[in-house]
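Just below is one structure, and these are the notes that go with it.
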Amino acid sequence: MDKKEVNQGIVYLVGAGPGDPNLITLRARELIESCDVLVYDHLANRRLHDWAPSNCERIDVGKSPGRHTMDQLEISKILVEKAQDGLKVVRLKGGDPFVFGRCAEEMLALDKEGVPYEVVPGVTAALACAAYAGIPLSHRDFGSSISFLTGHEDVAKESLRVNFEKFSEVGGTLCIYMGMSKLEEIVGKLIDGGLPGDKPAAIVSHGTLPIQKKLLAPLGDLVEQAKEKNFLAPAIIFVGNSIGLSRTVTWFEQKPLLGRRIALTRASGQKSRMRSALESLGAEVLDLPLIQIQPAEDRKLIAEVFAGIASYEWVVFTSANGAREFMKLFFRAFSDIRSFGPMRIACVGESTADVFKQYNLNVELVAKDSTAESLAKELVATDSLDSANVLVVSGNRNREIMVEMLEGVGRAIVDTLPVYQTDFADVLEAPDFLRFKKEGADAIVFTSSSTALSYVEQSEDIVFEPDALTPILCSFGPQTTKTLEENELTVGLESSHPSLDGLCKSLITYFAKS
Ligand code: SAH
């Protein structure tokens, strides 16, 4: 049977907000997470695409090098056809779909073909730029109206449609979209229309993004200063008395890592906490997974270990990933947490120990400096290992030292249970590899020796373009530093403590000094 007969498709015209992915609505997120087709252009943050199901079809209808720009008719045609195939289509539009978003044209095309649609509003650029740049748009005494106007960004295109001279009489606050290529003309007309040269004005480019730039200047100086400071689209131009009350530096601009680009090398899917922590400090995060982690399931071994689970006196976890995989396997084998038995738990670091907190399981030992070596030493120092049964849960790397020390010095009887496998991931496949190569980064963070080794092995592929920033190599802890240095790489920064908190603090201190 034809899909169309089973299912009626629908199009959601969804506001993607101005750039910061956190400014999207709950409704928009819900729709992205469940769509069959995602249609987007460059104004919608690429991070939003990550929420779409992996089998969702992604269609880029924006400008991109080497491909012609789709015109509005072609875009509308795609929306209609996909919905007629019975699919749930999300059309992401920057900011709000109804504010200079050509949404009306898409609506008409859908109406004409009888395709159902819904519209989800978004935070429009003028409001978001004002909030993130500390520019009040209204004030009881200085500004009682707010106007949204459009200039035109494409120099080749038609002349200004808005009668700017007339708008100088309107007063209040003017928010001008798409005005950068005609800035001089717009300012000239506003002044010709009667606005004084000392009227407060501002430009905010790339608002809400880590690369946001703000210019506060009197209207008469705006063009010259914008040129001097190289202000580029996308930007909003603000004019009005309330702009005079703007903060020179805002909460957003004070973020300690604002404007810093930081590449993360952990396996994809692993680093959302690290990403959100760095992003909330203002950094732009590049995804450069250099390792991939897969569960390693030796069913026979797992069955044996779980059959004798009550016989272990210590279970040792060398990574959070190992702890999580172990708990998954545990609950596959047992339905009751009491089957865990009386064993004591030792963890390499706080984030590993956190896994057990969720189950209200007490962790008896957490290594002080978060390395496998110190964990082994501290375990030996408990004097509880002689002839004790110990289970070491780990990945496929770096467990030898641990086992050697526990067996050799501690005289324990050690079983190992590998629960995951770490392999190198192809850097060329990394989501942000092209940007990393082209623009570089301020820092690249190596969270483990395996990420460092993968970097070394693939270094021939990682050649920066001439204008790219050279990142400092940032290591998560002593072991990773050792691996980098053994491979003749200079470590620019080692985290003061191998934890997310330690990493963030070290990066803040480092960049505050530089
Ligand atoms: N529908 C969008 C506007 C689309 S028109 C909205 O509601 O925001 C595109 C223009 O929006 C750009 O030329 C620029 O003027 C403005 N714009 C979009 N994102 C912006 C951003 N992050 N910072 C500054 N201006 C932005």
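None of these values were measured; they are calculated from a predicted model. Note that ligands are numbered from 1 as they come in the structure, with each ligand's atoms numbered from 1 the same way.
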**Asked** Under 3.5 Å, is there a donor-acceptor pair between the side chain of Ser506 and the main chain of Ser495?
**Response** no

**Prompt:** Heavy-atom distance to atom 1 (N) of ligand 1: which of Ile237, Val123, Ile211, Val99 wins?
**Reply:** Val99

**Message:** Tell me the contacting part of His206 for ligand 1: side chain, backbone, both, or neither, using a 4.0 Å heavy-atom threshold, strictly below.
**Reply:** backbone

**Prompt:** Going by the order shown, which atoms of ligand 1 are within less than 4.0 Å of some heavy atom of Thr124?
**Reply:** 6 (C), 7 (O), 8 (O)

**Item:** Close-contact set for ligand 1 against Phe100 heavy atoms, below 4.0 Å
**Value:** 4 (C), 5 (S)

**From CA spacing to verdict: side chain to side chain contact (heavy atoms under 4.5 Å, CB included), Glu325, Ile293** = CA-CA 11 Å; Glu325 285 303 325; Ile293 289 174; 6.0 Å; no

**Message:** Would Pro97 count as being in polar contact with ligand 1, using the rule that some N or O on each side must be under 3.5 angstrom apart?
**Reply:** no

**Prompt:** Heavy atom under 4.0 Å from ligand 1: found in Ala235's side chain, backbone, both, or neither?
**Reply:** backbone

**Asked** So do the side chains of Ile203 and Met180 get within less than 4.5 Å of each other, counting heavy atoms only?
**Response** yes

**Asked** Short N/O distance, under 3.5 Å, between Gly207 and ligand 1?
**Response** yes

**Fill in**
Checking heavy atoms under 4.0 Å, the part of Val204 that sits near ligand 1 is backbone

**Message:** Which residue is it: Ile444, Leu507, Leu484? I am looking for the one with a side chain to side chain contact (heavy atoms under 4.5 Å, CB included) to Cys474.
**Reply:** Leu507

**Message:** Parallel, tilted or perpendicular: which one describes the rings of Tyr40 and His49, with boundaries at 30° and 60°?
**Reply:** tilted

**Message:** Below a 4.0 angstrom heavy-atom separation, can you tell me which part of Cys129, side chain or backbone, both or neither, approaches ligand 1?
**Reply:** side chain

**Message:** Below the 3.5 angstrom mark, is there an N/O of Thr208, backbone or side chain, next to an N/O of ligand 1?
**Reply:** no

**Asked** Out of Val119, Val90, Leu110, which residue meets the side chain to side chain contact (heavy atoms under 4.5 Å, CB included) rule with Val11?
**Response** Leu110

**Asked** Just going by heavy-atom distances, which of Ala125, Gly95, Cys103 is nearest to atom 26 (C) of ligand 1?
**Response** Ala125

**Request:** For Ala233 and ligand 1, answer yes if some heavy atom of the residue is under 4.0 Å from a ligand atom, otherwise no.
**Result:** no

**Prompt:** So, Arg27 and Glu30, do they make that salt bridge, N to O below 4.0 Å?
**Reply:** yes

**Prompt:** Are any of the N or O atoms of Ser205 closer than 3.5 Å to those of ligand 1?
**Reply:** no

**Item:** Pairing of Arg102 and Glu106 as salt bridge, 4.0 angstrom limit
**Value:** no

**Item:** Heavy-atom donor-acceptor pair, Thr483 side chain to Ser449 backbone, under 3.5 Å
**Value:** no

**Message:** Counting only nitrogen or oxygen atoms and a 3.5 angstrom limit, does Ile176 reach ligand 1?
**Reply:** no

